[in-house]
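Here's the structure, in structure tokens; my notes come after.
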Amino acid sequence: MALKENDLKWFRPMWRRVAVAVFLALWLGWELLFTLDMFWAILVGAALTYVGWNFFYKFPKEENDNEQVPPPRPADEQERQDP
């Protein structure tokens, strides 16, 4: 399941994605070590897997706005070959 455009914009800063992943990892640890409730552990584990896949593996790379694309060169009349 891919992220929507609004989600991509909101999660663009890396610290937000890391914060969500750390929160879920801590919650999973809490469920596994203290409460021993397997329902919530499986649910949070699935959410952590989803976050890991979409936020770190499949998340689109940031586009560099400073990168300049050279303008197209003008076509020379002599290079032009019409059929």
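Just so you know, residue 1 is the first one in the sequence shown, and it goes up from there.
A continuous path of hydrophobic side-chain contacts links L48 to V18 [ILVMFWY only; heavy atoms under 4.5 Å]. Put simply, W27 and F39 are part of the same group of oily side chains (I, L, V, M, F, W, Y) that touch within less than 4.5 Å, one to the next.
For L32, the side-chain contact (heavy atoms from CB on, under 4.5 Å) partners at least two apart in sequence or on another chain are L28, M38, A41. With sequence neighbours left out, the ring-ring contact (aromatic ring centres under 6.0 Å, His included) criterion links W30 to F34.
A side-chain contact (heavy atoms from CB on, under 4.5 Å) with V44 is found for one member of D37, L26, L24, T49 and no other, namely L24.
Taking CG of L43 as the start and CD of E31 as the end, the distance is 9.5 Å to the nearest 0.5 Å.
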